[in-house]
Every structure is written in C-alpha cells, then in structure tokens.
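The block underneath contains the structure these notes are about, expressed in structure tokens.
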Amino acid sequence: MAYWLMKSEPDEVSIDDLARLGRVPWFGVRNYQARNFMRDAMKLGDGVLFYHSGCAVPGIAGLGQVASAAYADATQFDPASPYFDAKSSPGQPRWLNVDVAFVARGRFVPLTELRCHPALAAMGVLQKGSRLSITPVTAEEWQFITRKLMELNDVF
DNA sequence: GCCAACGTTGGC
DNA sequence: GCCAACGTTGGC
C-alpha cells in the first residue's frame with residue numbers, strides 16, 4: 001500500500017464532484033513523470049490525498065483511493081478537449097489515467113498549514129517550484145495529514 | 001495579473 | 001546533444 005498526493009483544480013474536478021460521482025478517471029495528466037507514477041507505481045487501493053490547486057485557497061480537501069489500473073486517457077483522442085494530443089493514437093496511447101474513488105471529506109487543510117509542520121517539510125508539494133501533479137507521500141506524512149483532516153470532524 | 005520555476009520543442 | 005525560446009503551472 002502506497003500513498004499519493006494528486007492535484008486537481010476544483011473548477012474542473014473538486015472533492016465535492018468526486019463525492020457526488022463516487023469515482024472519476026484522473027484525466028488530463030500531460031507530464032511523463034506523473035504518467036509513469038500511474039503506470040508503474042500505483043496499485044489498486046493506494047491512498048490519495050485530494051489536493052485543490054489553482055484556486056483561492058489551495059490545500060488538501062479530502063481522501064480518495066486508487067480504483068483502477070492505468071488505462072488510456074480518453075481526452076487525448078478528443079479534438080474538442082483541451083487535453084487533445086494529435087501525436088497520440090489509440091494503438092499507441094501516450095497518456096494514461098487511473099480511476100480515483102471517493103473515500104472521505106475532512107477538515108480542509110490549507111497549504112499554508114502544511115507549510116507550518118516540520119514533519120511535512122519533505123513533501124513534494126511543498127518544494128519550491130514543484131509543479132508535479134502527482135507526488136508520492138510517505139506513510140508518516142499520510143498518517144500525520146489524515147489526523148489533521150479528522151480534527152473537528154467526525155467523518156470517520 | 002505577476003512572475004518564478006519547470007518541461008518541452010526545435011534549430012543547429 | 002546543446003540550449004534558447006516558449007508555454008504552462010500555480011502560489012501569491
């Protein structure tokens with residue numbers, strides 16, 4: 001069992017969307033390192049910290065779970081999609097996605113709060129200039145953050 | 001809207 | 001293979 005932080009712009013897919021839909025394909029990843037994490041390292045049932053980025057208050061909005069193996073991202077073949085990639089083909093898909101299932105909401109833990117905890121200082125999302133949309137999370141970081149999500153909140 | 005940091009592209 | 005130019009990300 002491994003753990004991941006996955007960024008999503010809430011304007012596109014928010015934790016509320018995930019909660020409503022139950023499960024979504026994590027489409028739109030167009031970075032090879034992030035793709036390779038999905039293809040090579042993610043396993044069914046891995047824990048996901050659902051992170052809101054590109055919004056007024058970025059931070060961790062809830063928990064998810066990896067719900068499928070990696071498969072071809074449909075948006076790369078759709079000319080109407082902003083994620084269309086003319087250089088990809090169904091026979092040789094360049095971009096992949098996994099499905100992510102909703103697990104729980106929690107207290108929203110803002111980025112500014114994550115930065116306050118020395119225990120989290122090594123997290124990818126906190127590194128200067130880090131733009132990677134999928135980053136590994138250690139078991140210790142996972143435990144620390146899920147406790148934070150549970151504060152003043154009895155979702156569990 | 002600004003801008004630092006990063007990844008990709010393409011000429012050479 | 002180098003590297004400048006460009007586009008994108010994402011916090012602020």
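Side chains included, hydrogens not; waters and symmetry mates left out as well; all remaining heavy atoms used. Residue numbers start from 1 in every chain, and the chains themselves are labelled A, B, ... in the order their sequence lines are given, proteins ahead of strands. Bear in mind the structure is a predicted one, so any value in this text is a computation, not a measurement.
Across the protein-nucleic acid pair, A:Asp11 atom CG and C:dG11 atom P stand 13 Å apart, rounded to whole Å. Rounded to an integer number of Å, the gap from CZ of A:Arg30 to P of C:dG10 is 14 Å. Rounded to whole angstrom, the span from the CD atom of A:Gln33 across to the P atom of B:dG7 amounts to 7 Å. The CD atom of A:Glu113 sits 16 Å away from the P atom of C:dG11 (whole-angstrom rounding). The CD-P distance, from A:Gln127 to B:dG7, rounds to 14 Å in whole Å. Summarising the geometry, the separation between CG on A:Leu114 and C1' on C:dG10 is reported as 15 Å, rounded to the nearest angstrom. Atom-to-atom, CE of A:Met123 to C1' of C:dG10 comes out at 16 Å; the value is rounded to the nearest Å. Per the geometry, NE2 belonging to A:His52 stands 17 Å off P belonging to C:dC12, to the nearest Å.
Note: A:Phe108 and A:His52 have tilted aromatic rings, judged against thresholds of 30 and 60 degrees for the angle between ring planes. Relative orientation of the A:Trp26 and A:Phe50 rings is perpendicular, given thresholds of 30° and 60° on the angle between their planes.
Ranking B:dA4, B:dG7, C:dG11 by closeness to the A:Asn31 side chain, first place goes to B:dG7. Each of B:dT8, C:dG11, B:dA4 was ranked by its minimum atom distance to the side chain of A:Tyr32; first place goes to B:dT8. Distances were taken from every side-chain heavy atom of A:Arg115 (C-beta onward) to each of C:dG11, B:dT8, B:dG10; the shortest belongs to C:dG11. Candidate nucleotides B:dA4, C:dG11, B:dG7 were compared by shortest atom distance to the side chain of A:Lys128, and B:dA4 ranks first. Distances were taken from every side-chain heavy atom of A:Arg131 (C-beta onward) to each of B:dC6, B:dT8, C:dG10; the shortest belongs to B:dC6.
Side-chain polar atoms of A:Thr75 and A:Asp73 form a donor-acceptor pair below 3.5 angstrom.
The side chain of A:Lys7 places no N or O atom within less than 4.0 Å of a non-bridging phosphate oxygen (OP1 or OP2) of C:dT9. For the pair A:Tyr51 and C:dT9, the criterion of a side-chain N or O lying under 4.0 Å from OP1 or OP2 is not met.
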inquiry  = Evaluate A:Lys43 against A:Asp46 for salt bridge (charged side-chain N to carboxylate O under 4.0 Å, His left out), listing each step before the verdict.
reply    = CA-CA 6 Å; A:Lys43 297 282 185 285; A:Asp46 279 0; over 6 Å; no
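Taking CZ from A:Phe84 and CD from A:Gln76, the interatomic distance works out to 9.5 Å, rounded to the nearest 0.5 Å.
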